Amino acid sequence: MAIVLGPNQYGKAEVRVVAVDRSTARHSLVDLNVSSALRGDFAAAHTAGDNAHVLTTDAQKNTVFAFARDGISSPEEFGLRLARHLAGSYEWVTGARVAIESYGWDRITVGGAPHDHAFSRTGGDVRTAVVTVDGADVHVLAGLGDLVVLKTTGSEFWGFPRDRYTTLPETTDRILATAVTARWRYTGLDVDWNATHDAVRTTLLETFAATHSLALQQTLYAMGEAVLEQHADVVEVRMSMPNRHHFLQDLSAFGLDNDLNGPGAVVYHADDRPYGLIEGTVLRDDVPAAPAAWLSTPG
Ligand SMILES: O=c1[nH]c(=O)c2[nH]c(=O)[nH]c2[nH]1
């Protein structure tokens, strides 16, 4: 028996870089959280403390800032530029993974006019990109996280088996709420990254709204299916959707009913935990799997 080093990677996590385009009086900004990781022959560093192959994580951080100086047109483009550079940096580096979160900023409106250089953070979801260079292969995953959505009706849940511990009542009218994390894989690199990201996000939202849900599982599948039907560049969608349960609050102690169809507001208790966690992949069955695209990407 011998003990050996298994798969490993290392890099700088969560480099916070803000790039401002000041080329006109109307500034624009890109706000990213960038994590890089290198893969390759780093055995000696692990087993002997020999750092001759270790491109420092500090240099990886510096590379992020230096590359931002050329402008950032999209997280995907920036990730591709960085991952290709890092993967090509030394012959013992076989691959690089760059994962990016992108935070949105809206112009503040002053007197009805969008301001040139004042912004407020968009409250909602975060855009994500993961670029992996693996030898000659390049993979791009786009995505989003924390897209919080809710519908006040159009959701049922019934027909499930009842074992001795099943107490949940069946329902034909409930709130359906979740915070969508989705990542989707592109076939090629000739993609209009920003426009496609916007369009996929719209598809996810529209399908959540338009699907009469019999289960969050069904809604998840419908959302992934719609993305694949409407976006030819996308071959695979992975989603993670917590079921943010909303339970009708019992108000009988106060002599109040709480009837879905009665007069007055219907009052729910929004429970934060535990939550159902519905996860799944929807993909084209004629496209080869790309495990390298997803390696060390959680969820
Ligand atoms: O949409 C749902 N899927 C489930 O699997 C489930 N389980 C549960 O208790 N409520 C729900 N709702």
Side-chain angles (χ1 to χ4, degrees), residues 123-128 141-185 197 199-231 234-253 256-262 264-285 289 291 294 297-299:
D125 47 311
V126 172
R127 177 174 171 181
T128 62
L141 308 178
L144 51 80
D146 247 350
L147 181 64
V148 179
V149 289
L150 178 151
K151 34 196 301 192
T152 51
T153 189
S155 168
E156 312 185 24
F157 189 61
W158 48 268
F160 44 85
R162 304 202 76 90
D163 72 357
R164 61 185 292 215
Y165 301 115
T166 303
T167 57
L168 186 77
E170 299 195 333
T171 176
T172 56
D173 194 348
R174 66 174 183 175
I175 284 181
L176 186 66
T178 185
V180 180
T181 296
R183 296 186 191 273
W184 52 93
R185 178 164 68 90
H197 192 280
V200 171
R201 183 179 181 280
T202 299
T203 300
L204 291 169
L205 288 172
E206 287 179 352
T207 309
F208 175 81
T211 303
H212 183 94
S213 179
L214 298 176
L216 187 52
Q217 287 91 330
Q218 181 206 18
T219 295
L220 177 149
Y221 181 78
M223 290 167 71
E225 183 183 40
V227 169
L228 293 172
E229 282 170 355
Q230 294 173 29
H231 305 282
V234 177
V235 295
E236 177 176 5
V237 187
R238 296 190 181 185
M239 279 166 290
S240 175
M241 302 191 1
N243 193 353
R244 294 202 169 173
H245 303 296
H246 288 66
F247 298 113
L248 276 175
Q249 184 69 26
D250 181 358
L251 303 176
S252 59
L256 298 172
D257 66 4
N258 195 16
D259 191 335
L260 284 187
N261 301 309
V266 180
V267 178
Y268 296 85
H269 167 226
D271 224 21
D272 73 334
R273 66 191 74 174
Y275 49 88
L277 185 58
I278 312 302
E279 300 179 291
T281 302
V282 187
L283 67 169
R284 302 185 195 279
D285 70 357
W294 301 95
T297 299

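Quantities reported herein were computed from a predicted structural model and do not represent experimental measurements. Indexing begins at 1, ligand by ligand and atom by atom, following the structure's order.
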Any donor-acceptor N/O pair, Arg174 side chain to Phe247 backbone, under 3.5 Å: no
Do any side-chain atoms of residues 265-278 form donor-acceptor pairs under 3.5 angstrom with protein atoms, and if so which ones, sequence neighbours left out?
none

Using a 3.5 Å cut-off on N/O to N/O, what pairs does ligand 1 make with the protein? A line per pair would be great.
residue, atom, partner, partner atom, Å
ligand 1, 1 (O), Arg174, NH2, 2.8
ligand 1, 1 (O), Leu216, N, 2.7
ligand 1, 3 (N), Gln217, OE1, 2.8
ligand 1, 5 (O), Gln217, NE2, 2.9
ligand 1, 12 (N), Arg174, NH1, 3.0
ligand 1, 12 (N), Asn243, ND2, 3.3

Polar side chain donor-acceptor pair, Thr172 to Glu156, under 3.5 angstrom: no
If only side-chain N and O atoms count, and only distance matters, is there a donor-acceptor pair under 3.5 Å linking Ser213 with Thr219? yes
From the list Leu214, Leu168, Asp173, side chain to side chain contact (heavy atoms under 4.5 Å, CB included) with Phe157 holds only for Leu168
Counting only heavy atoms from other residues, nucleotides and ligands, does the tally under 6.0 Å from OH of Tyr221 exceed 12? no
